[in-house]
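Take a look at the structure set out below.
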Amino acid sequence: MKIAIFASGNGQNFEEIVKASLEEDFPAEIGCLICDKANAKVVERAERLAVPYYVIEPCHFATKVEYEKQVLYYLNEHAIDWIILAGYMRLIGKTILQPYTHKIINLHPSLLPAFIGKDSIERAFEEKVAYSGITIHYVDAGMDTGPIIFQKQVPLDEGESLAQFATKIHEVEHHYYPKVIQDLLKGEKTI
């Protein structure tokens, strides 16, 4: 089984998944990284970890469909079975959704349906929630609306700074995302 990881930014979750994939009991190999931003740090991580990668910037395509057809070309080249989103900041369109129905997973830094979309950690912090957390879910045509696979609460402690709160959430992401992916790919979690 082969997975592609889609990322747009720093790539820490990408790196955690790649490291997990090197363990003997991980049920898949990393086929490639798809990145939509040429200057994203995740590209440096892919180079260091010897993961094939493709930087495909939507601005070079007339339509979203054309962009996604190019992405799909690389997915087919690598015989990708599953897509794992790790900080990929684009909605997936039907060109990719149709051939990968129930085969695309996303990690979101809130307890969905709370704080859908961007800046979830900041918004939760500003609202002084008692806790937020992470959600791992299947991807559908909506923004952060697919069926939930896993959630984990992270408390917002009194006097905690935004940076401290964000760090706690990211640590939970890095711990659980590779494990949940592994269980899912082994068939231990299904839709």
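Note that the structure is predicted; figures quoted are calculated from it, not measured.
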Same apolar cluster (I L V M F W Y, side chains within < 4.5 Å links), I116/L91: yes

Cluster check V154, L162: I/L/V/M/F/W/Y, side chain < 4.5 angstrom: yes

Heavy-atom pair with the smallest gap, counting every atom of E57 and D36: CG-O, 3.5 Å

Minimal non-hydrogen separation, G133 against I169, with atom names: O-CG2, 4.1 Å

Which atom of K186 lies closest to which atom of D25, heavy atoms considered: CE-O, 3.1 Å

side-chain contact (heavy atoms from CB on, under 4.5 Å) evaluation trace for S132 with F165: CA-CA 9 Å; S132 187; F165 184 49; 3.7 Å; yes

Heavy-atom donor-acceptor pair, R45 side chain to F14 backbone, under 3.5 Å: no

Any side-chain heavy-atom pair of Y100 and D81 under 4.5 Å: no

Check: R123 side chain, A114 main-chain N or O, donor-acceptor pair, under 3.5 Å: no

Any side-chain donor near an acceptor of the partner, E171 and H174, under 3.5 Å: no

Gap between atom CD of E173 and atom NE2 of H108 - 0.5 Å precision: 10.0 Å

Interatomic spacing from CD1 in I96 to CG in L75 - rounded to 0.5 Å: 6.0 Å

Evaluation steps, side-chain contact (heavy atoms from CB on, under 4.5 Å), between L184 and W82: CA-CA 10 Å; L184 188 70; W82 285 81; 3.6 Å; yes

Side chain S110, main chain S120, donor-acceptor under 3.5 Å: no

Exceeds 12 heavy-atom contacts within 6.0 angstrom, atom NZ of K2: yes

4.5 Å side-chain heavy-atom contact, I105 and Y138: yes

Side-chain touch H170/I121, heavy atoms, less than 4.5 angstrom: yes

Step-by-step side-chain contact (heavy atoms from CB on, under 4.5 Å) determination, Y177 to I84: CA-CA 10 Å; Y177 202 22; I84 307 298; 3.3 Å; yes

Point-to-point distance, once rounded to the nearest 0.5 Å, from CZ of F26 to CD1 of I181: 6.0 Å

pair I5-Y88: side-chain heavy atoms closer than 4.5 Å: no

Backbone of L97 reached by a side-chain donor or acceptor of T101 within 3.5 Å: yes

Closest contact, heavy atoms only, L49 versus E15: CD1-CG, 3.7 Å

Reported CE-to-CG distance for the pair M143 and L112, which is rounded to 0.5 angstrom: 11.5 Å

Neighbour count >12 (heavy atoms, 6.0 Å) for atom NZ, K168: yes

Side chain proximity check, Y74 to I80, heavy atoms < 4.5 angstrom: no

Trace of the side-chain contact (heavy atoms from CB on, under 4.5 Å) decision for L107 with N13: CA-CA 9 Å; L107 168 68; N13 278 308; 3.5 Å; yes

Spacing of CD1 belonging to I17 relative to CD1 belonging to I3, to within rounding of 0.5 Å: 6.5 Å

Within the 6.0 Å centroid threshold, strictly below: Y54 and H78: yes

Modelled atom types, side-chain donor and acceptor of Q70 and E66, under 3.5 Å: no

Polar side chain donor-acceptor pair, H137 to T135, under 3.5 angstrom: no

Any side-chain heavy-atom pair of L185 and M1 under 4.5 Å: yes

Separation of I136 CD1 from L85 CG (nearest 0.5 Å): 12.0 Å

Nearest heavy atoms of F150 and V180, plus distance in Å: CG-CG2, 3.8 Å

No-hydrogen, no-angle side-chain donor-acceptor test under 3.5 Å, E47 and Y53: yes

Where L72 and P99 come nearest, the two heavy atoms and their spacing: CD1-CG, 3.9 Å

Residue K64 excluded, over 12 heavy atoms near NZ under 6.0 Å: yes

Cation-aromatic face contact R90/Y67, 6.0 Å, 45 degrees: yes

Single-linkage hydrophobic cluster V55~V42, side-chain heavy atoms < 4.5 angstrom: yes

Single hit among I92, V139, I83 for side chain to side chain contact (heavy atoms under 4.5 Å, CB included) with N106: V139

